[in-house]
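Okay, so here's the structure we're looking at.
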Protein chains: 2
Amino acid sequence: MSSIRVLLVDDHPVVRAGLRAMLGDFPGVNVVAEAADGDAALAELGKLHTLGEPVDLVLMDLQMGSGMDGVTATQKIRAGEAGTPPPPVLILTTYDTDADILAAVEAGASGYMLKDAPPEQIRQAVLSAAAGQTALAPEVAARLMGQIRNPSQVLSGREVQLLELLATGMSNRAIAKQLFISEATVKTHLVHIYSKLGVDNRTAAIATATQRRIIRGH
Amino acid sequence: MSSIRVLLVDDHPVVRAGLRAMLGDFPGVNVVAEAADGDAALAELGKLHTLGEPVDLVLMDLQMGSGMDGVTATQKIRAGEAGTPPPPVLILTTYDTDADILAAVEAGASGYMLKDAPPEQIRQAVLSAAAGQTALAPEVAARLMGQIRNPSQVLSGREVQLLELLATGMSNRAIAKQLFISEATVKTHLVHIYSKLGVDNRTAAIATATQRRIIRGH
DNA sequence: GCGGGGGTCATCCAAATGGTTGATTCAGGC
DNA sequence: GCCTGAATCAACCATTTGGATGACCCCCGC
């Protein structure tokens, strides 16, 4: 079987160097290009395709300091916007919030790994993803399992949306206006959120939602 | 001049590999050991010292998934607890919150760099730090400058302390009990914090304090 | 030794938030 | 068709928070 041709997308030179070195040690894996953001990644994919050197797998970070972020880039790649038969995209990032994971999966990622994973785990994920299979980090899988096992504590989409606005410091009134609903409804949602999270005020809701990685704390 | 002997401390295998590769490309720099947390770092320092192969510079991450964190490790190293003449410690991390920077400087770090820095910047920092000079990332330097230029907006230590408790979701009463002060005092501090941050409620204070990296959003 | 800033506390009042109950609409599953 | 859960709204009241003012102590620098 021929070698797996990989495109690295990460804005940190240090991390790119690390992945290049690590993947270089894996037999059957070949890093053929690198990009520092989503735009560059799409450009690289197109370029390599016209050169007749297609990419078998994209290793993508989600957080990119500038330029197109990882989720958008994944969407565009999977939608075929690079002008190529879309290669699978394996997310490799530091954060594992519910929001991030869901966004990545919806964007069409075929895997989600964390950067602190041991090399062997990353190697397995790369091979799986390149073979068209799904590759989830144990931590990520565990979070999804937990949600399925305890659905009563799963926040609805609307509730997460409120929580995100809450975390920006908006008042109930401001949130109501922003979402075109009444303050009463905002309060109802908040009560539900509090009971699901087991807290009794908004700051605590933000704190535990951040800790449980339901929303971003950054 | 002989080569600079470096100890890498970072819990991410990927990042260690990246730094090893990157530093390996710098002439006059030599990675002689690695550690995944603070405890291991101290052990390595001691071991290398008894072997007569002292370390010239420690490259340290602040966030360590488990084991001793980077600030504590830096403190102990600089206090000579590794049983060696303390080598300079250069912090290399992803985050640049005020709290992190101050803690690192107080712990005795002689530099503070960010992981998304270009290799050349990292090389300069390594050389400076090994030579006993201070090496600050431009972003970090800018933040310190900003504080000096606009001292009216600098929060006092007590205020930051309150802010951190605030961010955990505690009520004024709970904060008062925790700090052994009255609720009235808590409210006074909060008013000062609000005016310094330019906000008018606690959640907004948390949001902007997190954004401005006065406290951690994690 | 005087001023200023940080930290502490109190009181009073207005505004925002939390908690409860109850009700309507709508979509989806059995 | 019925039930459930999500989302919407309202009215009420208790509690918490926010804002303003004034005061005391202590340390440090000029």
Check your understanding: Quick one: which of dT8(D), dG19(D), dG18(C) gets closest to the side chain of V191(B)?
Key -> dG19(D)

Exercise for review: Report yes if a side-chain nitrogen or oxygen of R158(A) is closer than 4.0 Å to either non-bridging phosphate oxygen (OP1 or OP2) of dT8(D); otherwise report no.
Suggested key: yes

Practice item. Provide, to the nearest angstrom, the distance between the CG atom belonging to L190(A) and the P atom belonging to dA16(C). Key: 15 Å

Check your understanding: Just how far, in rounded Å, is C1' of dC9(D) from NZ of K177(A)?
Key -> 18 Å

Review point. Counting just side-chain N and O atoms, does H189(B) come under 4.0 Å of either OP1 or OP2 of dT8(C)?
Key: yes

Study note, to complete from the structure: When rounded to whole Å, the CE to C1' distance for the pair M170(B) and dT16(D) reads 15 Å

**Study point:** Within-4.5 Å side-chain heavy-atom neighbours: K115(B) and V15(A)
**Key:** no

Review point. Should D69(A) and L62(A) count as side-chain neighbours, where that means a heavy-atom distance under 4.5 Å?
Key: no

Exercise for review: Choose from dT16(D), dA16(C), dG19(D) the nucleotide whose nearest atom is closest to any side-chain atom of R173(A).
Suggested key: dA16(C)

Review point. Base, sugar-phosphate alone, or nothing: which one does T188(B) contact when heavy atoms must sit under 4.0 Å apart?
Key: base

Exercise for review: Ignoring hydrogens and angles, tell me if any N or O in the side chain of D11(A) forms a donor-acceptor pair with the backbone of A36(A) under 3.5 Å.
Suggested key: no

Review point. How long is the line joining CD1 of I193(B) and P of dG19(D), in whole Å?
Key: 13 Å

Practice item. May I have the distance from L179(A) (atom CG) to dC9(D) (atom C1'), rounded to whole angstrom? Key: 15 Å

Check your understanding: For the pair made of CZ in F180(B) and P in dC9(C), what is the distance, rounded to whole Å?
Key -> 12 Å

Practice item. Would you mind telling me which of dC9(D), dG18(C), dT17(D) lies closest to the side-chain atoms of A184(A)? Key: dC9(D)

Exercise for review: Give one of base, sugar-phosphate or nothing for S182(B), where a contact means two heavy atoms less than 4.0 Å apart.
Suggested key: sugar-phosphate

Review point. Do the non-hydrogen side-chain atoms of L179(B) and L162(B) ever get within less than 4.5 Å of each other?
Key: yes

Check your understanding: So does Y194(B) get a side-chain nitrogen or oxygen closer than 4.0 Å to the phosphate oxygens (OP1/OP2) of dG18(D)?
Key -> yes

Check your understanding: Just by distance, with hydrogens left out, do Q63(A) and T94(A) show a side-chain donor and acceptor under 3.5 Å apart?
Key -> no

**Study point:** Atom-to-atom span, NE2 of H192(A) to C1' of dG18(C) - whole angstrom
**Key:** 13 Å

Check your understanding: Between atom CZ in R202(A) and atom C1' in dT17(D), what is the gap in whole Å?
Key -> 11 Å

**Study point:** Short side-chain N/O contact from T185(A) to OP1 or OP2 of dC9(D), under 4.0 Å
**Key:** yes

**Study point:** Among dC9(C), dG18(D), dC9(D), the one nearest I181(A) by side-chain distance
**Key:** dC9(D)

